[in-house]
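This report concerns only the one structure given below.
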Amino acid sequence: MQSLTESRMIDLWLLRKGFEPLRSDCRVSRSDAADLRSLARDECRIWYSNLLRRADPELFRPVDISRDPDLSISADVPGGMRVKLPARVVRPVAVKLYSWYAPARIVAAGTAEARAQADAYTCGGIIQPVAVWSPTLRHLDLYSISYSQQSSDELEYLLCAVQEYDDEEGDPIYTFAPEALELL
């Protein structure tokens with residue numbers, strides 16, 4: 001994995017797209033007053049956002065946020081738990097409670113499998129748990145909790161695609177595997 005500041009990512013983007021290094025025997029100028037670095041910055045941000053939202057987790061570094069102080073966990077869901085995710089989380093990648101025998105299969109809200117979790121006879125259970133991801137509401141519903149640990153079950157891990165920012169500049173930090181560059 002490599003981590004790049006936004007300035008370094010823009011340099012890499014311009015190099016990979018063929019805009020730099022410029023030849024010494026020619027001059028390039030634009031008449032439309034477009035700033036190539038600003039355009040490259042916007043393209044970098046869109047590319048990285050798509051990488052975090054859609055790519056295989058092997059192409060970026062998932063972060064375990066199970067002990068994050070901004071994480072809100074409640075028992076608002078019958079037979080399950082609701083985890084309200086912080087704003088910097090793009091999507092959950094893997095989740096497991098201590099009482100579960102396996103990590104949960106993450107499904108989108110509104111699908112048939114997500115609706116099946118509302119019924120005690122069709123929900124996932126602790127052998128084949130299911131997590132329902134609602135991106136617009138920014139929460140993850142975890143089904144099902146062990147009856148013996150319904151009030152005390154905890155997250156073993158919650159791996160998420162997270163957009164990190166530079167503390168000083170406020171610009172994004174790009175962390176990805178070198179293979180992700182093939183998607184440029």
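Only this structure's heavy atoms are used, side chains among them; waters, hydrogens and symmetry mates stay out. The first residue of the sequence shown is numbered 1, and numbering continues consecutively from there.
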Under 4.5 Å between side-chain heavy atoms, counting indirect links through other Ile/Leu/Val/Met/Phe/Trp/Tyr residues: same cluster for Ile127 and Val107 or not? no
Backbone of Tyr157 reached by a side-chain donor or acceptor of Asp64 within 3.5 Å: no
Please confirm whether the backbone N or O of Ala109 pairs with a side-chain atom of Ser134, one donor and one acceptor, at under 3.5 Å? no
Gly124 to Val130 - nearest heavy-atom pair and separation: CA-CG2, 4.2 Å
Before accepting this row, confirm whether a basic side-chain N of the pair Glu6/Arg45 lies closer than 4.0 Å to the acidic partner's carboxylate O. yes
Can you measure from CG (Leu59) to CG (Leu183) and round to the nearest 0.5 angstrom? 6.0 Å
Non-hydrogen side-chain atoms of Val63 and Glu164 separated by less than 4.5 Å: yes
Are the side chain of Arg37 and the backbone N or O of Ile10 linked by a donor-acceptor pair below 3.5 Å? no
Are side-chain heavy atoms of Thr5 and Ile173 found at a separation under 4.5 Å? no
Just so I know, are the side chains of Tyr174 and Phe60 near enough to count as touching, which here means a heavy-atom distance under 4.5 Å? no
Is the shortest heavy-atom distance from the side chain of Ile106 to the side chain of Val132 under 4.5 Å? no
Would you find more than 12 non-hydrogen atoms of other residues, nucleotides or ligands less than 6.0 Å from Gln2 atom CD? yes
Are side-chain N/O atoms of Arg53 and Ser49 paired as donor and acceptor at under 3.5 Å? yes
Going by heavy atoms in the side chains, are Leu158 and Leu140 under 4.5 Å from each other? yes
NZ-CG distance between Lys96 and Leu159, expressed to the nearest 0.5 angstrom: 12.0 Å
Shortest non-hydrogen contact between Leu142 and Leu155, atoms and distance: CD1-CD2, 3.9 Å
When rounded to the nearest 0.5 Å, the distance separating OG of Ser74 from NE2 of His139 is 9.5 Å
Measure the shortest side-chain to side-chain distance between Glu156 and Pro103 over non-hydrogen atoms and say whether it is less than 4.5 angstrom. no
Where do Leu137 and Lys84 come nearest, in terms of heavy atoms and distance? O-NZ, 2.6 Å
Does the pair Arg61 and Ser3 meet the rule for a side-chain contact (heavy atoms from CB on, under 4.5 Å), with working shown? CA-CA 10 Å; Arg61 181 181 301 142; Ser3 282; 4.1 Å; yes
Nearest-0.5 Å distance that lies between atom CD1 in Ile65 and atom CG in Leu85: 5.0 Å
Between Trp100 and Val95, the two heavy atoms sitting closest are CZ3-O, 3.9 Å
Nearest non-hydrogen partners of Val77 and Tyr143, listed with the distance: CG1-OH, 3.0 Å
Salt bridge between Asp11 and Arg16, side-chain N to carboxylate O under 4.0 Å? no
Look up atom CD in Glu113 and atom CZ in Arg105, then write down how far apart they are to the nearest 0.5 Å. 4.0 Å
To the nearest 0.5 Å, how far apart are OG in Ser66 and CD1 in Ile73? 8.0 Å
Can you name the closest pair of heavy atoms from Leu52 and Ala161 and give their distance? O-CB, 3.6 Å
Is there a side-chain contact between Cys160 and Val93, using heavy atoms and a 4.5 Å cut-off? no
Would a 4.5 Å heavy-atom cut-off, applied to side chains only, mark Ser72 and Val83 as touching? no
Can you hop from Tyr165 to Met1 via hydrophobic side chains spaced under 4.5 Å? no
Is Asp68 salt-bridged to Arg88, cutoff N-O under 4.0 Å? yes
Any donor-acceptor pair under 3.5 Å from Tyr48 side chain to Glu43 backbone: no
